[in-house]
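A short write-up of the structure that comes next.
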Number of protein chains: 2
Amino acid sequence: MFNHIVMKRAYSDAIPDEWKSMSRVFSALGDEHRQRILLSFDPGEQLNVGQIASLSTLSRSAVSHHLKILREAGVLASEKRGKEVYFWIDRLHLEQALATVLDYVRRSA
Amino acid sequence: MFNHIVMKRAYSDAIPDEWKSMSRVFSALGDEHRQRILLSFDPGEQLNVGQIASLSTLSRSAVSHHLKILREAGVLASEKRGKEVYFWIDRLHLEQALATVLDYVRRSA
DNA sequence: CCAACATGTCCAAATACTTAAACATATCGC
DNA sequence: GCGATATGTTTAAGTATTTGGACATGTTGG
């Protein structure tokens, strides 16, 4: 008995695991400067911090801050090569995160 | 001649039209309270402001603020029925916005 | 080793966002 | 119309984010 009673998930419950990843992606890409950084990449292109900063209207320091947020969100990936740090779009992670939300939305009909 | 020279899109250029819509979706869903609101909806469910506020830990006023942002971003749609305003997930708009980014990411490989 | 360069980090000021109370508007039942 | 209810708006304070300069660290070439 009571099997037919489905408690509504409490608003204050933890955000589902698969949403935590998407959450950071959303926050990261909710900023216009960070969107511009993402759009700076041509297909397959890798850019170092100096290149990204020179395209930007912000200080190198501010760009570095945004790159950190994008990397931690899994929007970009990076690797140090010599003196430089190269960034590229983390295609797989982004696809997975977006697919999670798309899946939720499609089930919501 | 010069056809082979492809100017890099300036960082400060306008964000492409199809991105403006996604931009607001990202900003809207970059906030944990607004994510919780989105996750409050069962499939096909419609909730009014009072119901959403009662699920929330925030004041009704703050919830109203977040609902406005979610509606303006096209995450939720709403309709007034009598005294109440009902909200639901704007499935089509969300799908389209997410598909735009997914498409960009897939072309970025 | 050392000078030049690329990047990251720390910090304080500027800016933007969030919050909740008070108030305003609209709708309903009687 | 009137009181009760539901929601939106304004506002001011609190909080968080963003920014760029100064400094620290790591790397390379000579």
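Residue numbers begin at 1 in each chain, while the letters A, B, ... track the order of the sequences. Computation of the quantities below employed the complete heavy-atom set of this structure, encompassing side-chain atoms and omitting hydrogens, waters and symmetry-equivalent molecules.
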Using side-chain contact (heavy atoms from CB on, under 4.5 Å) as the criterion, list what pairs up with Ser54(A), not counting sequence neighbours.
none
Just report the end-to-end axis angle for the helix from dC1(C)-dG30(D) to dC30(C)-dG1(D), five pairs per end, to 10 degrees.
40°
Not counting sequence neighbours, list each pair that qualifies as a salt bridge (Lys or Arg N to Asp or Glu O under 4.0 Å) and has a residue in residues 46-71 of chain A.
none
Under the ring-ring contact (aromatic ring centres under 6.0 Å, His included) test, residues paired with Phe87(A) that sit two or more places apart:
none
Numerically ordered, the residues 72-89 of chain B set in heavy-atom contact under 4.0 Å with DNA chain D is Lys83(B), Glu84(B), Val85(B)
Smallest separation among heavy atoms of Val75(A) and Ala28(A), with atom names:
CG2-CB, 4.3 Å
Can you give me the first and the last nucleotide of DNA chain D (5' to 3') that has an atom within less than 4.0 angstrom of a non-hydrogen atom in chain B?
dT5(D) to dT10(D)
Not counting sequence neighbours, which residues clear side-chain contact (heavy atoms from CB on, under 4.5 Å) with Ala62(A)? List them please.
Leu58(A), Ser59(A)
Nearest-nucleotide check on DNA chain D, Gln51(B) vs Arg60(A); residue mapping nearer the 5' end is Gln51(B)
Can you sort out the partners of Glu95(A) under salt bridge (Lys or Arg N to Asp or Glu O under 4.0 Å), two or more places apart, ordered by chain and number?
Arg91(A), Arg106(B)
Can Ser56(B) and His66(B) be counted as having a side-chain donor-acceptor contact under 3.5 angstrom?
no
Quick check: closest heavy atoms across Tyr104(B) and Leu38(A), and the distance to 0.1 Å?
OH-O, 3.2 Å
Please name all residues satisfying side-chain contact (heavy atoms from CB on, under 4.5 Å) with Ala77(A), sequence neighbours left out, ordered by chain then number.
Trp88(A), Asp90(A)
Got a sec, which residues hit side-chain contact (heavy atoms from CB on, under 4.5 Å) with Gln96(B), two or more places apart in sequence or on another chain?
none
Along DNA chain C, first and last positions that approach a heavy atom of chain A under 4.0 Å
dC5(C) to dC10(C)
Would you indicate whether the side-chain heavy atoms of Met22(A) and Leu29(B) approach each other to under 4.5 Å?
no
How would you list all residue pairs meeting salt bridge (Lys or Arg N to Asp or Glu O under 4.0 Å) that involve residues 72-82 of chain B, not counting sequence neighbours?
Glu79(B)-Arg81(B)
